[in-house]
Amino acid sequence: MKSIVEVQQLIKKFPVGNGFFTALNEVNLSFAEGEFAGLVGPSGSGKTTLLNIIGSLDVPSEGEVLVMGHPVGKLTAAQAALLRKQQLGFIFQSYNLLPVYTVYENVEFPLLLLDLPASERKQRVLETLEWVGLTDKVKSRPAALSGGECQRVAIARAMVKRPALVLADEPTANLDSENSHRILQTMLKLNEELKTSFVFATHDEKVISYLRRIIRLQDGKVVADELVNL
Amino acid sequence: MIRFLFKGLLRDKSRSLLPVIVVAVGVMMTVFLHAYLEGILNDSIEESARLSSGHVKITTLGYHENSSQRPNEYAVTAVDRLLEALKHDFPDLQWSERILFGGLLDAPDGEGYTRSQGNVAGAGIRLIGSDEEIERMDLRARLFAGRFPEHRGEVLISNELFKKMKLRLGDEVTLISSSMYGDMAMYNFTVCGTLHFGIAALDKGMVYADIEDVRNALYMDDAAGEILGFFPGNYDEKRALQLQEAFAPDGSGDEFSLVLTPMSKASGMDFLILYSRYAGFIIIFIFVFAMSIVLWNAGLLGGLRRYGEFGLRLAIGESKREAYGSLVGEAVLIGLVGSVAGTAIGLVFAYLMQEFGLNAGDMIKDSTLMLPTVFRAQITPMTYVIGFIPGVLSTVIGAMLAGIGIYKRQTAQLFKELT
């Protein structure tokens, strides 16, 4: 399978006082197209830092990270924004929907950045909302939705531009068990039907139970990388 | 995209309505203060022009150079012919002849001996047969007791001097002064009324008599100390300077050659006009600066409050430049809407103040300045635009400074601020 992310000898350090804190230490990884993988580990293990670098929201201190062939550390801010706009989708722990916009408008926002024509935007938004089962909520504002519904809107927003890779940081942390399973089933379905790659940062057992590949991190190092046979 | 952002702006009242109200209030205050200061300063200048300096003043060179001494030996002569020529050459101006003089006012008792005396500063103005000067100097409002002169030999005295000299209406008084030729002049007047100016300098010892009486008293037949010219509206420095140039003396340096002096160059008035021009500007600048800080702070807070939103937008793929541009664009829109609203409200208040004014007669009754008793605002072309300086600029600068954070912060940091 074609590789979409290559992580080579990645080191990420953060300045702390007079010294540095090493968040990631010589990480080597590769993600292929269509993966449903998770970075698993306790708090402070470096999973969110790694997710941020793959998402071109942060840059490596040393080593190289290639996302769709683009070296993240060498991209300008504009190039990184273009990569995120065209190829990457993000799902956050606290949904981060824009509260003044409706469900439809929240999902439409990434398409506006891509300058797609109105008719195509409408078709894609409605299609995506159908995938996540929210066609009856198009005119609702986030405040009128449940936590599970908000996260489904966030998934729709991440998926609407058909990204090659979706990065999800603790996507079920604010959800109850039933909603967590519904969300994960939705994402798994999208992964299977659209071949979109998903990379999670999580320590939630419910998420882990859905993963096809589990990469365990501890103190900034990959300590295990295993495929799961479902 | 613009429509999308505009929709969000309209729906989020804390991003639209609240800042617009803050901007509108600030702009309204700026506009009103500007009109109010313009009104007071211009009215003060006009008051001084009406009472003493005119918008332009024609005197002889000798009189001009010694004007503080009111040297009537340098009076303008052949005034009737000169006034005719002035009315012909400058028909839009109103011309008024005046004689200023100093002297001693003596009130005799029944036997002709001095009962009381007082130093006076006097003015001979056209009082009989014409209401022009009475209206111009607003003497009707200042008439405290009695009436205006209707017959030759009648005089108006400031009420304070009237009381000090223990006079009664109808009493005879004798003016002792010096004539145009330098010899002593004495002239009897009958007190027909008293005036109260509310200006200490005038109330202390001012007498007003008809100019023909003063001419008789000081042997100034067909002469006047000064001829004042008044523009149809307010003082116009440019026009006054043009007139001065057109009226340039022949260059002979003769003490009796005529000179036209613009109000801004008259003794004592230069400072007032300069002060009004720059003090008004400085006060407005200080207020605009203060408002700018308030509005800048509002813009800054608005921007900081939205760091999370910008983190999200950057994560989704909006470039920093686009995010920054939209922040500044919103500030321009809010600044414009707030400025238009604030200017409109400020103009309404300024208009009311211009029409009805604030009667401050009691508050300034002992003032030594020639201030109008009713403070009025004055709407000028500048009043319409002054509010846009703090309204738009400050809001935009505030948003720009807040937006610099978007550039300086690592995207990952903004992203973290989402949670």
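Labels below follow one simple rule: chain letters A, B, ... track the order of the sequence lines, proteins then strands, and each chain is numbered from 1.
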(request) For A:Ala81 and B:Glu318, work out which heavy atoms get closest and say how close. (result) CB-O, 4.1 Å
(message) Testing the basics here: between A:Phe92 and B:Ala315, what is the closest heavy-atom pair and its distance to 0.1 Å?
(response) CZ-CB, 4.0 Å
[X] [atom1]: over 12 foreign heavy atoms closer than 6.0 Å:
X        : atom1 : result
B:Phe4   : CZ    : yes
A:His203 : NE2   : no
B:Lys7   : NZ    : yes
A:Asp219 : CG    : no

(request) Please state whether the side chain, the backbone, both or neither of A:Arg141 comes within less than 4.5 Å of a heavy atom of chain B. (result) side chain
Starting at [atom1] of [X], measure out to [atom2] of [Y] and round the result to the nearest 0.5 Å.
X        : Y        : atom1 : atom2 : value
A:Leu98  : B:Asp12  : CG    : CG    : 10.5 Å
B:Leu314 : A:Phe90  : CG    : CZ    : 10.5 Å
A:Gln79  : B:Ser319 : CD    : OG    : 12.5 Å
B:Ile316 : A:Leu111 : CD1   : CG    : 10.5 Å

(request) Report the C-alpha distance between A:Thr102 and B:Arg11 in whole Å, list the side-chain angles of each, state the deciding distance to 0.1 Å, and finish with yes or no for side chain to side chain contact (heavy atoms under 4.5 Å, CB included). (result) CA-CA 11 Å; A:Thr102 62; B:Arg11 287 180 193 166; 4.3 Å; yes
(message) With side chain to side chain contact (heavy atoms under 4.5 Å, CB included) as the criterion, how do B:Arg313 and A:Leu113 come out once you've worked through the C-alpha distance, each side chain's angles and the decisive distance to 0.1 Å?
(response) CA-CA 10 Å; B:Arg313 284 163 58 174; A:Leu113 293 175; over 6 Å; no
(request) Between chain B and each of A:Lys161, A:Arg157, A:Glu108, A:Gln86, count heavy-atom pairs under 4.5 Å; write down the option with the most. (result)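 Sorted descending by pairs with chain B, the first entry is A:Arg157.
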